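Input: a single structure, listed below in structure tokens.
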Amino acid sequence: MESLRGVKMIYELKVEEDAPMTVNNFLKELLTEGEVDAVIAMTETPSGKSAFPTMISHPEKLSTNVFAPLLPVSTGTVVSKVTKVKPPKKTLAVVLRSCELRALTELVKLNQADLENIILIGVDCSGTLSMDTYQGQDQDITEAVLKNESEDDLRTACLNCKDPVPKNADLVIGTFGADTDKNLFLDAKTEKGAEIVSALGMDESEGEEVREKAVQDIRDEKEENRKAFIQERSEIEGPDKLLEFFDTCVNCHNCMKVCPVCYCNECIFESSIFDLEGDKYMKKVEGKGAYKTPTDSLLFQLTRFNHMMLSCVGCGLCEQACPSDIPLMDVITGLADNAQELFEYEPGDDPEEELPLVVYREEEFEDVEER
Amino acid sequence: MKDDFEPTVVAFLCNWCSYAGADLAGTSRLKYPENVRSIRVMCSGRVDPVFILEALNEGIDGVLVAGCHPGDCHYQSGNYKTNRKMILLKKLLTDFNVDSDRVRFEYISASEGQKFADVVTDFVGTLKELGPSPLK
Ligand code: FES
């Protein structure tokens with residue numbers, strides 16, 4: 001992806017009816033003008049109870065709401081599915097929140113997604129709600145979250161988001177710094193993005209400085225939240241309590257299935273490798289005296305962390321998927337930050353930077369050993 | 001009490017160096033504690049952290065991984081990558097209140113029978129001090 005970092009091209013989307021409709025119309029234009037052949041964007045389900053990333057090629061079928069405050073699945077995972085075997089020959093635009101983009105960047109590094117012919121449209125994220133909260137709303141929850149009126153309802157992961165502003169997108173739909181009743185920003189971040197905007201003939205925005213400040217403010221706020229959260233949780237769930245933290249795990253592996261960066265194509269814990277003959281179990285229990293079954297739930301959690309910690313983008317889907325309501329983000333937020341700091345690695349940040357466990361540099365050998 | 005505790009150690013030894021080093025320790029009749037159960041692997045890079053976690057989960061007190069010296073790995077970079085994997089794993093264990101000294105990564109060449117004996121002796125000493133694994 002050619003990066004135009006440093007080059008600023010910020011345009012304006014005039015809000016027609018409301019913010020979601022404005023973006024919907026923009027996506028429609030992309031389709032009707034032939035800029036793209038299909039889009040993937042959040043669309044509310046007919047029941048109104050949920051919303052999912054939906055693939056659309058017919059302009060008249062577009063009824064997206066890219067601001068729907070829900071994360072049922074990571075769009076990063078969806079893009080992986082669509083492009084992993086072979087990326088499409090036609091152009092596909094995908095709208096993603098910041099954590100979904102981070103996940104996608106990691107998936108590309110893991111060779112599990114290919115961005116050829118994909119146009120990435122990031123969207124500022126004001127946070128998402130739990131499934132229950134979302135379903136229980138009758139008022140216009142999208143607007144409430146966009147206007148920051150529902151902060152208390154946000155998921156833990158969102159309150160402590162690593163960065164709500166999309167990175168590594170071709171275009172960013174900006175709400176931070178905008179009066180979302182009047183206008184949205186459209187920020188062209190790459191050549192591809194700039195070409196699209198110029199093809200559609202958009203107006204440049206005057207609000208660049210306002211936006212920059214708003215972006216900085218929200219980043220600062222989230223970082224502060226996150227630090228305070230990690231501090232607070234580590235006092236409550238200190239290392240000595242951590243082994244007990246997973247007591248209630250039912251070993252369903254949901255957290256692994258929804259995690260966008262849990263990278264094994266086939267999870268070792270879904271294989272029969274840990275299935276033993278009865279006698280082996282009898283021998284095991286002799287050694288330990290007593291065994292909680294299934295025997296491998298803690299082992300599963302530890303192995304999973306070991307695999308995904310460095311690439312954890314903080315989306316919190318694991319926590320959302322846990323039937324035992326284990327507040328996973330209480331623990332993962334700190335674990336992941338620790339591990340990432342150790343290797344000075346920021347997942348989703350720089351597509352060119354290799355994953356820490358696949359690189360080796362002879363000269364850093366001793367240095368790393370010291371840590 | 002602690003003196004009576006005999007830790008169980010699993011050692012993953014690289015075929016090309018440390019396994020031969022251990023062999024040499026044996027044929028040279030060097031003394032080292034018998035707490036070690038050796039498992040030969042083709043390269044230290046073959047040691048998936050899940051092996052170590054499973055060993056600990058099964059009540060093993062300490063895991064030793066030994067590979068070729070930097071620059072000597074038969075597969076070029078297995079030991080370098082293992083080094084990084086071990087650093088990450090140790091961090092995770094520390095976060096879970098499992099002393100990271102229970103996992104040890106060492107470079108032991110085929111000619112270093114003495115080093116193998118020393119490492120094992122030292123490791124078993126450390127584990128005796130740490131006491132039984134909290135995962136037991
Ligand atoms: S061959 Fe010995 S560590 Fe790779």
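No experiment lies behind these values; they were computed from the predicted model shown. Chain naming here is simple, since letters A, B, ... match the order of the sequence lines and numbering starts at 1 in each.
Only the side chain of A:Phe269 has a heavy atom closer than 4.5 Å to any heavy atom of chain B. If you measure heavy-atom distances from A:Leu298 to chain B, the contacts under 4.5 Å come from the side chain alone. Looking at A:Phe245, neither its backbone nor its side chain comes within 4.5 Å of chain B, counting heavy atoms on both sides. Only the side chain of B:Lys91 comes within contact range of chain A, with at least one heavy atom under 4.5 Å from a heavy atom of that chain.
Side chains of A:Lys162 and A:Gln340: a donor-acceptor N/O pair is present below 3.5 angstrom, by distance only. For the residue pair A:Ser130 and A:Arg155, no side-chain donor N or O sits within less than 3.5 Å of a side-chain acceptor on the partner.
Results of the side chain to side chain contact (heavy atoms under 4.5 Å, CB included) test with B:Ser44 over B:Phe105, B:Tyr107, B:Phe12 single out B:Phe105 as the only residue that passes.
A 4.5 Å side-chain heavy-atom check between B:Val124 and B:Val9 finds at least one atom pair inside the cut-off.
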